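Just so it is clear, the values below take in all heavy atoms, side chains as well, and ignore hydrogens, waters and symmetry mates. All values reported here derive from a predicted model rather than from experimental measurement. Sequence lines set the chain letters: A, B, ... in the order given, protein chains first and strands last, and positions in each chain run from 1.
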Protein chains: 2
Amino acid sequence: MKKNDNQEVEAVMPDERAVDSRAEAFVGVRAARRNELAEDYVELIAELIYAKGEARPVDIATKMGVTAPTVAKTLDRLAREGLITRAKYRSVFLTEEGRALAKECRHRHEIVLRFLLSLGLDLETAERDAEGIEHHVSDRTLALFAAFADGSRVDRRNLMGEALRSN
Amino acid sequence: MKKNDNQEVEAVMPDERAVDSRAEAFVGVRAARRNELAEDYVELIAELIYAKGEARPVDIATKMGVTAPTVAKTLDRLAREGLITRAKYRSVFLTEEGRALAKECRHRHEIVLRFLLSLGLDLETAERDAEGIEHHVSDRTLALFAAFADGSRVDRRNLMGEALRSN
DNA sequence: TAGACAAGTTAGCCTTGTCTAACTTTTGAT
DNA sequence: ATCAAAAGTTAGACAAGGCTAACTTGTCTA
Ligand SMILES: [Mn+2]
Ligand SMILES: [Mn+2]
Ligand SMILES: [Mn+2]
Ligand SMILES: [Mn+2]
């Protein structure tokens with residue numbers, strides 16, 4: 001069969017599979033995908049605890065738009081992974097680790113949402129898109145989003161000011 | 001048990017499950033998630049066909065960073081869904097529908113990437129993030145991204161020009 | 001024109017995430 | 001204090017997406 005001679009030479013990697021730059025991106029995205037649900041859950045659990053004092057499976061199910069058994073199974077996994085603790089028939093608590101993750105997720109969520117709004121998007125669409133995008137935003141991108149959102153109100157003013165000054 | 005009286009009254013929906021606005025977002029995101037892989041595959045297949053004249057499973061596997069059996073199984077699904085056609089031991093072709101989807105995906109991918117770059121992100125990170133974000137961008141958001149990317153080079157100039165003119 | 005080796009397939013395993021159906025526990029109203 | 005309804009759990013089905021191992025097919029090269 002044809003040798004792939006139309007491809008740049010790839011350095012031998014410590015890993016088994018050769019990784020071209022494209023594959024790196026895909027592998028990274030798949031990794032992010034595996035954490036999405038956990039992130040949404042802990043974020044939601046933190047919100048529920050804050051808003052109602054406790055996070056009950058029934059409320060998680062409602063907010064997530066899934067059935068109770070689905071929530072139960074997912075919570076079992078989160079407990080296995082050390083993000084939450086729970087006892088039978090009782091509501092759910094975040095571990096230290098879970099709280100940390102929740103905080104980080106809430107932070108990212110907020111920045112992405114503010115960014116989309118500052119771009120001129122309507123609230124409903126912004127919330128929808130933020131809910132998906134937040135899991136695929138690197139730290140660098142997040143920083144740029146934050147800067148843009150923060151600056152967007154004064155941007156016009158500042159730029160104009162600078163233009164006038166530099167005139 | 002407590003009635004959820006702390007929640008806005010929800011109109012009775014034609015659907016079974018009550019959907020608060022939060023759930024709508026999560027449900028939407030999950031729907032988008034189910035198409036991610038198909039989108040990446042058809043986009044990649046189109047690229048391979050364009051670049052090499054054919055899309056072979058081995059190249060798909062390399063670019064996606066997965067093993068050959070994984071590709072085989074996914075291709076079977078795509079064929080079942082009418083996005084590609086294939087014959088045993090032969091390379092893969094896009095159906096009309098597949099081509100349409102590929103085109104749409106490439107379009108979105110391109111806009112998201114240009115947008116991230118115009119925001120000041122480095123190419124490598126932009127490509128990584130775009131690969132994930134592209135699947136969670138609504139038409140509205142995409143339009144804003146495109147406008148921003150298109151305008152970003154002339155923006156400064158234009159704004160300053162306007163500022164000067166309106167002075 | 002053989003064969004060796006690359007590419008492709010098949011079978012089977014695992015985990016995640018979703019569901020329905022049926023059972024158990026908790027709890028609020030009477 | 002009772003007990004019905006709400007909440008929670010358990011069991012089991014199913015599809016997707018990943019893997020390894022082992023087999024089959026195609027093709028380049030000697
Ligand atoms: Mn989310
Ligand atoms: Mn979120
Ligand atoms: Mn992608
Ligand atoms: Mn893409």
Identify all pairs in which a protein N or O lies below 3.5 Å from an N or O of nucleotides 10-13 of chain D, and state each distance.
from: D:dT10; atom 1: OP1; to: A:Lys88; atom 2: NZ; distance (Å): 2.8
from: D:dA13; atom 1: N6; to: A:Lys73; atom 2: NZ; distance (Å): 3.1

N/O (side chain, A:Arg30) to phosphate O (OP1/OP2, D:dG18) under 4.0 Å: yes

Candidate pair B:Tyr41 and B:Val71, rule side-chain contact (heavy atoms from CB on, under 4.5 Å), full reasoning: CA-CA 9 Å; B:Tyr41 266 75; B:Val71 170; 3.9 Å; yes

Interatomic distance, B:Tyr41 OH vs D:dA16 P [rounded to whole Å]: 13 Å

Polar side-chain atom of B:Arg106 near backbone of B:Ala46 as donor-acceptor pair, under 3.5 Å: no

Distance check: side-chain N/O of A:Arg77 vs OP1/OP2 of C:dG17, anything under 4.0 Å? yes

Among the nucleotides D:dG8, D:dT20, D:dG18, which one has an atom lying closest to any side-chain atom of B:Thr67? D:dT20

Of the options D:dG8, D:dC19, D:dG26, whose atoms approach the side-chain atoms of A:Val58 most closely? D:dG8

Can you tell me if A:Glu134 and B:His136 form a side-chain donor-acceptor pair at under 3.5 Å? no

Hey, mind stepping through B:Phe145 and A:Leu119 against side-chain contact (heavy atoms from CB on, under 4.5 Å) and telling me if it holds? CA-CA 8 Å; B:Phe145 279 16; A:Leu119 215 58; 3.5 Å; yes

Who pairs with D:dT29 - Watson-Crick or G-U, where each distance is under 3.5 Å: C:dA2

Keeping B:Arg99 on the side-chain end and B:Leu94 on the backbone end, is there a donor-acceptor pair under 3.5 Å? yes

Rounded to whole Å, please give me the gap between CG in A:Asn35 and P in D:dG17. 17 Å

Spacing between B:Tyr89 atom OH and D:dT25 atom C1', to the nearest angstrom: 5 Å

Lys/Arg-Asp/Glu bridge criterion (N-O < 4.0 Å) met for A:Arg90, A:Glu54: no

In whole Å, what is the span from the NZ atom of A:Lys63 to the P atom of D:dA7? 14 Å

Please name the nucleotide paired to D:dG17 by Watson-Crick or G-U wobble geometry with both distances under 3.5 Å, or report none. C:dC14

Atom CZ of A:Arg34 and atom P of D:dG18 are separated, to the nearest Å, by 9 Å

For A:Asp40 and C:dT16, what is the distance between atoms CG and P respectively, to the nearest whole Å? 17 Å

Main-chain N/O of A:Arg33 paired with B:Arg33 side-chain donor or acceptor, under 3.5 Å: no

Below 4.0 angstrom from OP1 or OP2 of D:dG17, is there any side-chain N or O of B:Thr74? no

Minimum-distance nucleotide (side-chain atoms of A:Leu37 versus C:dT25, D:dT24, C:dG17): C:dG17

Distance below 4.0 Å between A:Thr70 side-chain N/O and C:dC19 OP1 or OP2: yes

CD of A:Glu36 versus P of C:dT18: gap in Å, rounded? 11 Å

In terms of the nearest nucleotide of DNA chain C, which residue is placed more toward the 5' end: A:Arg33 or A:Arg90? A:Arg33

Find out whether A:Glu39 and A:Arg108 are in side-chain contact, i.e. whether some heavy atom of one side chain is under 4.5 Å from a heavy atom of the other. yes

Would you kindly give the CG-to-C1' distance between A:Leu78 and C:dG17, to the nearest whole Å? 12 Å

